[in-house]
Amino acid sequence: MARSRSGTRGRRGPRKPPRRDGGVGQGGVQVLDPRERGAIELPPTITVKDLAEVLDVNAADVIRELIKSGIFATINQLIDRDTASLVAGELGYEVGEVVVASSPGETPSGEEPVAEATKEVLFEQDDAALLEARAPIVTVMGHVDHGKTSLLDAIRTTSVAAGERGGITQHIGASEVVKDGRRIVFLDTPGHEAFTAMRARGARVTDIAIVVVAADDGVMPQTLEAIHHAKAAKVPIIIALNKVDKPDANPERVKNELSEAGVIVEEYGGDTPLVAVSAKARTGLNELMEMILLVADLQELKANPKRLAIGTIVEAELDKGRGPVATAIIQTGTLRVGDVIVVGGTYGKVRALENSLGQRIASSGPSSAAVILGLADVPEAGDILRVVGDEKAARTLVEARRTAASAKNGEGSGRATLEDLYRQIQAGQAKELRIILKADVSGSLGAITHALDQLSTDDVRLNVLHEAAGDITDNDILLASASDAIVVGFNTKITETARRAAETEGVDVRLYDIIYKLTDDIDAALGGLLEPEIVEVVEGRAEVRQIFKVGKSTVIAGCFVTDGRIIRGGARVWRGGKIVATDRIESLRRFRDDAREVAQNLECGIGLAGYQELQQGDIIECFSSKTVSRARAR
């Protein structure tokens with residue numbers, strides 16, 4: 001969420017003054033240290049290039065700050081004064097005060113409305129006198145069958161049984177519990193996969209992560225993944241040690257396993273709270289909620305209910321009777337009926353709001369869930385909701401976002417790759433190379449991690465976010481996408497769904513079977529000395545539906561193209577999830593005619609050059625090769 005981006009930076013003053021001794025910037029503009037020149041004045045609109053000249057910074061620095069706010073602008077694109085002010089503030093400059101309308105649609109006489117939606121407004125930037133304490137937003141994660149759902153149900157039931165006024169409200173996507181007169185908002189997700197998928201889209205909706213661990217089962221693979229995902233998001237963790245009432249419960253073993261995973265509980269001198277609970281016996285639940293409130297107090301969670309609302313979409317669907325319906329967590333400000341909102345690539349005017357009970361409400365304040373009606377299209381989970389001044393501003397912003405998204409799709413995903421790393425180092429952008437490491441056995445992990453640790457330089461630190469034995473899965477791709485990490489596999493394979501996710505998200509996946517080749521590639525990337533590489537591109541896959549024998553030894557497979565396209569060239573035969581042959585497609589026919597390629601959802605006949613033991617149900621995967629250029633040291 002926005003709070004986690006800001007940290008304490010908003011209170012510490014300039015983050016990185018471009019100059020300290022004065023000088024002449026681009027275009028002959030005299031530039032002083034930000035602390036010496038005082039507040040700068042900005043026009044109502046300014047191009048990215050001109051703003052960079054005024055601030056005497058590289059245009060890439062301005063674009064980077066805009067991207068942090070969800071704005072993808074080109075160097076010649078116009079941005080409004082409010083957005084330019086935010087960028088200038090992030091780069092250490094003070095900007096002259098700009099009068100902004102206090103409520104949607106209201107503007108001072110003679111002035112144009114300012115598009116609030118273009119600002120990633122941080123809670124700390126509001127007037128301290130307007131900030132009020134808000135409820136913590138909590139996500140529950142953990143290994144399957146360790147009791148996540150049971151724990152949430154027990155908390156809800158206990159709260160209602162306690163007779164607290166308005167104790168619990170169940171909502172699509174969120175639950176609200178009242179403890180000692182204070183609200184706690186539980187974000188209902190299927191697990192850390194959804195948590196990270198939202199984070200991959202830029203959402204920062206969670207304040208606290210509760211990791212549920214069964215006392216009789218201990219730390220399991222999904223427990224480790226949940227911990228790594230929470231740490232990557234820089235979200236405080238509370239361990240809920242569940243099932244402590246079972247005869248075979250062993251809390252001490254769990255604490256030791258957590259220590260081995262890098263989570264030191266407070267009892268062992270660490271800073272991670274651990275609360276023993278039993279969802280079945282309903283014990284320890286009050287202590288858990290008290291710990292949530294304590295951790296929330298330490299974070300000093302506050303928001304300004306009087307400003308224009310900013311929130312995050314947690315669920316959305318198309319209702320036949322009501323149109324697009326979105327569920328949002330409001331993080332700061334107050335959302336009201338009649339507000340014009342921008343959500344991702346769509347916008348609309350709030351026609352109606354509903355609370356957790358399905359009742360119509362006029363407004364929804366910070367740390368509250370609301371169902372929103374009135375959007376033009378269905379947004380995606382994780383999209384940021386912002387209130388803007390009017391529909392014209394909303395339409396302009398959405399069109400700009402769509403144009404930028406189209407341009408971005410044409411230029412690539414922008415995710416971290418080894419080929420781009422050297423260029424980022426030269427530009428002063430890369431400070432850390434994040435890696436998701438998977439290996440065939442746990443014994444290999446320690447050796448590889450140790451070897452990678454030796455490669456850190458003054459420019460880039462290698463950070464292994466997650467390491468585990470097993471195949472590369474969708475979860476690994478999600479974490480890499482959310483953290484701008486690369487995925488490295490040693491003597492392991494990538495699942496089919498993970499492969500597709502990697503292609504969609506633009507995640508760089510590297511597979512190795514020799515450790516020194518793995519370390520050499522990363523070392524070469526850090527030095528910018530990677531030679532051009534020939535890589536395989538999977539073109540498509542076809543399922544063998546029928547086998548035809550031609551002559552004594554030739555076999556033709558009657559196939560159905562399930563994915564991509566089939567072309568002549570390299571091919572692999574998959575059977576039972578394993579590769580049984582690597583060959584090449586020698587003949588490709590569509591009915592009786594030779595074909596250069598066959599598209600998805602069409603039938604074809606495939607003949608391989610050498611492998612003739614094809615069976616019904618086999619998957620033929622065709623691939624081609626291409627050369628990838630790599631950066632060189634200058």
Side-chain angles (χ1 to χ4, degrees), residues 144 193 221 438-441 444 468-478 487-505 507 509-514 517 533-626:
V144 64
E193 297 92 342
K438 299 300 286 286
D440 54 345
V441 293
S444 303
D471 293 344
I472 297 170
T473 65
D474 310 37
N475 238 0
D476 302 313
I477 302 302
L478 277 175
V487 180
V488 175
F490 177 74
N491 273 345
T492 188
K493 65 179 185 292
I494 179 171
T495 66
E496 183 59 32
T497 53
R499 187 198 305 274
R500 293 180 182 178
E503 293 172 358
T504 301
E505 295 293 331
V507 172
V509 179
R510 304 271 171 153
L511 300 176
Y512 299 91
D513 54 11
I514 301 174
K517 175 61 176 172
E533 179 188 36
I534 297 177
V535 297
E536 290 181 356
V537 178
V538 175
E539 298 287 350
R541 299 172 186 84
E543 180 184 359
V544 177
R545 297 283 177 87
Q546 200 168 355
I547 301 295
F548 303 94
K549 288 191 176 181
V550 180
K552 293 183 179 179
S553 59
T554 303
V555 170
I556 299 296
C559 301
F560 181 80
V561 183
T562 58
D563 186 28
R565 61 174 187 156
I566 300 298
I567 60 174
R568 288 184 174 89
R572 281 183 287 263
V573 180
W574 291 78
R575 183 180 301 154
K578 297 181 179 180
I579 297 175
V580 296
T582 300
D583 204 329
R584 63 184 177 85
I585 296 176
E586 188 174 55
S587 67
L588 179 64
R589 286 177 175 266
R590 175 91 173 117
F591 299 113
R592 294 186 177 183
D593 300 323
D594 286 333
R596 298 180 61 182
E597 70 175 66
V598 180
Q600 185 174 350
N601 295 328
L602 296 178
E603 295 178 337
C604 63
I606 296 176
L608 299 181
Y611 188 71
Q612 303 298 320
E613 287 75 42
L614 289 168
Q615 298 179 10
Q616 188 173 343
D618 286 352
I619 300 297
I620 298 177
E621 179 185 76
C622 72
F623 59 88
S624 60
S625 300
K626 70 175 183 178

Work out which heavy atom in [X] is nearest to a heavy atom in [Y]; give both atom names and the distance.
X: T492; Y: G470; result: OG1-O, 2.8 Å
X: A542; Y: I606; result: CB-CD1, 4.3 Å
X: A571; Y: I585; result: CB-CG1, 3.7 Å
X: V561; Y: A599; result: CB-O, 3.4 Å
X: I472; Y: G489; result: CD1-CA, 4.0 Å

- Taking atom types as modelled, is there a side-chain donor on D471 or T495 under 3.5 Å from an acceptor on the other?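 Their side chains do not contain a donor-acceptor pair, so the 3.5 Å distance test is not met.
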
Indicate every side-chain donor-acceptor pair of residues 611-624 with a distance under 3.5 Å to a residue at least two apart or in another chain.
| unit_1 | atom_1 | unit_2 | atom_2 | d |
| --- | --- | --- | --- | --- |
| Y611 | OH | R575 | NH2 | 3.3 |
| Q612 | OE1 | V555 | N | 2.7 |
| Q612 | NE2 | L608 | O | 3.3 |
| Q616 | NE2 | R545 | O | 3.4 |
| D618 | OD1 | R575 | NE | 2.8 |
| D618 | OD2 | R575 | NE | 3.4 |
| D618 | OD2 | R575 | NH2 | 2.8 |
| D618 | OD2 | Q615 | N | 2.8 |
| E621 | OE1 | R572 | NE | 2.9 |
| E621 | OE1 | R572 | NH2 | 3.0 |
| E621 | OE1 | W574 | NE1 | 3.4 |
| E621 | OE2 | R541 | NE | 3.0 |
| E621 | OE2 | R541 | NH2 | 3.3 |
| S624 | OG | E539 | OE2 | 2.5 |

- side-chain hydrogen bond (donor to acceptor under 3.5 Å, both in side chains) contacts in which one or both residues fall within residues 582-595, not counting sequence neighbours: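 Every pair satisfying side-chain hydrogen bond (donor to acceptor under 3.5 Å, both in side chains) with a residue in residues 582-595: there are none.
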
- Item | Flag, side chain of R568 to backbone of A595, donor-acceptor distance under 3.5 Å |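 Yes; at least one donor-acceptor contact below 3.5 Å.
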
How far does [atom1] of [X] sit from [atom2] of [Y], to the nearest 0.5 angstrom?
X: I579; Y: K493; atom1: CD1; atom2: NZ; result: 9.5 Å
X: E496; Y: D474; atom1: CD; atom2: CG; result: 10.5 Å
X: K438; Y: I494; atom1: NZ; atom2: CD1; result: 10.0 Å
X: L588; Y: R596; atom1: CG; atom2: CZ; result: 11.5 Å

- Message: Any non-hydrogen side-chain atom of I477 less than 4.5 Å from a side-chain atom of T497?
- Response: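 I477 vs T497: side chains apart.
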
- Item | Carboxylate-amine/guanidinium contact E503 R500, below 4.0 Å |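 Answer for the salt bridge query: no.
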
- Set of side-chain contact (heavy atoms from CB on, under 4.5 Å) partners for D513, sequence neighbours left out: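 Partners of D513 by the side-chain contact (heavy atoms from CB on, under 4.5 Å) criterion, ordered by chain and then number, come out as N491.
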
- Query: After noting the C-alpha distance and the side-chain angles of F560 and N601, does the key distance pass the side chain to side chain contact (heavy atoms under 4.5 Å, CB included) rule?
  - Reply: CA-CA 7 Å; F560 181 80; N601 295 328; 3.9 Å; yes

